[in-house]
Amino acid sequence: MNRKKNNQSEYFQMVYRLVRMIPPGRVTSYGAIARFLGDPRGARVVGWAMNDAHYQSEYVPAHRVVNRVGMLTGKHHFGSSEAMKELLESEGIYVLNDCIQDFKSRFWDPLKELDQDAFF
DNA sequence: CGGGTGACTCGAC
DNA sequence: CGTCGAGCCACCC
């Protein structure tokens, strides 16, 4: 069977498009992205999308996506384990022990900040 | 086609 | 409080 890589699927593209809309200096979570896309349990799939984000031709700021408590669980998927942290700190987000400091006020919830109708 | 996996999350205990 | 286990869904072998 011809099961080609489906990382160009519409769902993945929506994930990438949304991630690109995250303002610099702000972060969001996999679950928040999934919920915004109408898939409350799709957090792991968003993680999958991030896994392929590296191969997208257009830049995807995957470092602005962390898990729901603000931990850099995906840092090992960057070039070096410090790359993600440094990208964040270059935007003014401070990271201590893989945790985003002041995560609550840095959190960017697409459901609140973005118009769903405009996105789709 | 079935089984394994993960950059997640939520609810029990 | 914290730790643990079970869903969850797309992708890969």
Side-chain angles (χ1 to χ4, degrees):
Chain A
M1 258 180 275
N2 184 20
R3 290 197 192 184
K4 63 175 183 181
K5 264 193 176 179
N6 224 10
N7 57 4
Q8 301 298 322
S9 73
E10 193 176 333
Y11 187 78
F12 276 38
Q13 291 306 314
M14 283 197 300
V15 173
Y16 300 140
R17 188 150 62 91
L18 180 54
V19 171
R20 287 191 198 102
M21 292 174 144
I22 303 173
R26 305 293 298 278
V27 292
T28 192
S29 76
Y30 306 95
I33 293 173
R35 281 194 296 277
F36 182 84
L37 296 179
D39 188 5
R41 303 180 206 76
R44 313 197 72 156
V45 181
V46 174
W48 253 115
M50 291 300 101
N51 207 29
D52 277 349
H54 178 74
Y55 302 105
Q56 296 303 305
S57 50
E58 259 194 78
Y59 179 61
V60 178
H63 60 281
R64 299 192 190 125
V65 186
V66 295
N67 77 355
R68 75 185 171 95
V69 293
M71 283 191 65
L72 277 54
T73 48
K75 68 171 188 171
H76 293 303
H77 291 261
F78 286 76
S80 78
S81 54
E82 296 301 306
M84 186 174 185
K85 172 182 173 180
E86 292 183 4
L87 281 168
L88 289 170
E89 297 199 328
S90 73
E91 297 181 356
I93 299 175
Y94 298 103
V95 177
L96 185 62
N97 295 331
D98 295 344
C99 291
I100 291 182
Q101 301 302 293
D102 202 13
F103 176 63
K104 197 174 178 181
S105 66
R106 295 292 192 173
F107 185 68
W108 183 81
D109 186 354
L111 283 172
K112 294 177 185 170
E113 312 284 346
L114 212 60
D115 184 0
Q116 231 164 350
D117 293 329
F119 182 82
F120 288 113

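Note: hydrogens, waters and symmetry copies are ignored here, and every other heavy atom, side chains too, is used. Chain identifiers are assigned alphabetically (A, B, ...) following the order of the sequence lines, protein sequences preceding nucleic acid strands; residue numbering begins at 1 within each chain.
- Checking side-chain atoms of A:S81 against main-chain N and O of A:K75 turns up no donor-acceptor pair under 3.5 Å.
- In this structure, A:F36 is not a member of the same hydrophobic cluster as A:V27, with clusters built from ILVMFWY side-chain heavy atoms closer than 4.5 Å.
- When all heavy atoms are compared, the tightest approach of A:V45 to A:F12 is CG1-CE1, 4.1 Å.
- As a member of the Ile/Leu/Val/Met/Phe/Trp/Tyr network built from side-chain separations under 4.5 Å, A:M71 groups with A:V69.
- Contact annotation: A:S9 side-chain N/O to C:dA10 OP1/OP2 distance is not under 4.0 Å.
- Pairs of residues two or more places apart, or lying in two chains, never qualify as ring-ring contact (aromatic ring centres under 6.0 Å, His included) while including a residue from residues 69-91 of chain A.
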Sort me out a list of protein N/O and nucleotides 5-7 of chain B N/O pairs below 3.5 Å, or just none if empty.
from  : atom 1 : to    : atom 2 : distance (Å)
B:dG6 : N9     : A:R44 : NH2    : 3.2
B:dG6 : N7     : A:R44 : NH2    : 3.2
B:dG6 : N2     : A:W48 : NE1    : 3.3
B:dA7 : OP1    : A:H77 : NE2    : 2.8
B:dA7 : O5'    : A:H77 : NE2    : 3.4
B:dA7 : N6     : A:M50 : O      : 2.9
B:dA7 : N3     : A:Y30 : OH     : 3.0

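- For A:L37 and B:dC8, the CG to C1' distance is 15 Å, given to the nearest whole Å.
- Each of A:I93, A:T73, A:L72 was scored for a side-chain contact (heavy atoms from CB on, under 4.5 Å) with A:V66, with one residue passing: A:L72.
- Among the atoms of the strands shown, only primed sugar atoms or phosphate atoms (P, OP1, OP2) are found under 4.0 Å from some heavy atom of A:G31.
- When the P atom of B:dC8 is taken as reference, atom CE of A:M71 falls 10 Å away, rounded to whole Å.
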